[in-house]
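In this text the structure is predicted, and so the values were computed from the model without any measurement.
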Amino acid sequence: QVQLVESGGGLVPVGGSLRLTCAASGRPFSMSAMGWFRQAPGKERELVALIRWTGNSSPTYADSVKGRFSISRHKTQNAVYLQMNSLKPEDTAVYYCAAAISGWGSRDFDSWGKGTQVTVSS
């Protein structure tokens, strides 16, 4: 099992930037992928971005964040980051870090952090 702790959320104006950090512990060497999901009030949780943990990182993004968000990994520190630029009010949500130990599809993630709130003020 992998334990995940997110940080870096907060309140930011439209067009601003935030960088989320997710620190993994426990058995991070067993991970196949890490990702960021988000859930806005009254909406289902959705994949934002994911990155493979071994080999080629092959980052993948939701269409709604392509060109604005960037996911990266730091394997030595067992961490994954989400750089969010040009933030929009519709990016407001609780952002969750997730890890998979097998596969890298959106349904493969089975370890979750508690989430960090991102609020974009208009």
Side-chain angles (χ1 to χ4, degrees):
Q1 193 72 5
V2 178
Q3 290 78 49
L4 304 168
V5 178
E6 306 96 336
S7 61
L11 176 65
V12 63
V14 170
S17 298
L18 278 176
R19 186 186 192 222
L20 304 184
T21 298
C22 176
S25 61
R27 300 184 62 188
F29 54 86
S30 66
M31 296 187 300
S32 57
M34 292 188 75
W36 290 95
F37 291 72
R38 68 186 181 187
Q39 187 167 20
K43 295 189 176 181
E44 305 233 338
R45 185 166 58 191
E46 62 175 355
L47 173 69
V48 175
L50 65 86
I51 190 167
R52 297 187 186 187
W53 194 245
T54 57
N56 191 333
S57 62
S58 301
T60 302
Y61 300 93
D63 288 343
S64 59
V65 306
K66 281 181 181 176
R68 300 188 298 121
F69 290 12
S70 177
I71 188 170
S72 59
R73 66 187 186 188
H74 196 307
K75 297 184 69 176
T76 303
Q77 295 184 352
N78 293 322
V80 67
Y81 309 98
L82 186 68
Q83 178 66 43
M84 305 185 294
N85 299 326
S86 302
L87 283 161
K88 303 176 181 180
E90 51 263 43
D91 295 319
T92 295
V94 177
Y95 283 70
Y96 297 91
C97 179
I101 60 172
S102 178
W104 41 77
S106 61
R107 296 179 183 273
D108 294 322
F109 291 88
D110 50 12
S111 294
W112 296 87
K114 293 184 178 180
T116 184
Q117 176 71 45
V118 172
T119 302
V120 184
S121 62
S122 56

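For the atom pair NZ (Lys66) and OH (Tyr61), the distance works out to 10.5 Å, reported to the nearest 0.5 Å. Rounding to the nearest 0.5 angstrom, the gap separating the OG atom in Ser25 from the CD atom in Gln1 is 10.5 Å. Remark: Ser111 OG to Ile101 CD1 distance equals 7.0 Å, nearest 0.5 Å. Atom CG of Leu11 sits about 5.0 Å away from atom OG of Ser121, to the nearest 0.5 Å. Note that CG of Asn56 is 9.0 Å distant from CD1 of Ile51, once rounded to the nearest 0.5 Å.
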Run the side-chain donor-acceptor check on residues 78-88: report pairs under 3.5 Å with partners two or more places apart or on a different chain.
from, atom 1, to, atom 2, distance (Å)
Tyr81, OH, Gln77, OE1, 3.1
Gln83, NE2, Asn85, OD1, 2.9
Asn85, OD1, Ser17, OG, 2.9

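Cluster membership check: Tyr96 does not share its hydrophobic cluster with Leu18, using side-chain heavy-atom separations under 4.5 Å among Ile, Leu, Val, Met, Phe, Trp and Tyr. Note: the hydrophobic cluster containing Ile71 does not contain Phe109 (ILVMFWY, side chain heavy atoms under 4.5 Å, direct or indirect links). No continuous path of ILVMFWY side-chain contacts below 4.5 Å connects Trp104 to Val2, so the two sit in separate hydrophobic clusters. Linking Ile, Leu, Val, Met, Phe, Trp and Tyr whenever their side-chain heavy atoms come within less than 4.5 Å leaves Val48 and Val5 in two separate clusters.
Between Leu20 and Val118, the shortest heavy-atom contact is CD2-CG2, 4.1 Å. Minimum interatomic distance between Ala24 and Met34 (heavy atoms only, all atoms of both residues): CB-CE, 4.2 Å. Heavy-atom minimum distance, Trp53 versus His74: CH2-O, 3.9 Å. Here the closest non-hydrogen pair linking Ser32 and Gly103 is OG-O, 2.6 Å. Closest approach of Gln117 to Val94, counting heavy atoms only: OE1-CG2, 3.2 Å. In plain terms, the two heavy atoms of Leu47 and Ser106 that are nearest each other are CD2-CB, 4.1 Å.
Arg19 places no side-chain N or O within donor-acceptor distance of the main-chain N or O of Gly8, the cut-off being under 3.5 Å. The backbone N or O of Gly115 lies less than 3.5 Å from a partner atom in the side chain of Glu6, making a donor-acceptor pair. Proximity of a side-chain donor or acceptor of Gln39 to a complementary backbone N or O of Ala93 within less than 3.5 Å is not detected.
Residues Glu46 and Arg38 are in side-chain contact: their nearest non-hydrogen atoms beyond the backbone lie under 4.5 Å apart. Considering only heavy atoms from C-beta on, Trp36 comes within 4.5 Å of Cys97 through its side chain.
The aromatic rings of Phe69 and Tyr95 are tilted relative to each other, their planes meeting at an angle between 30° and 60°.
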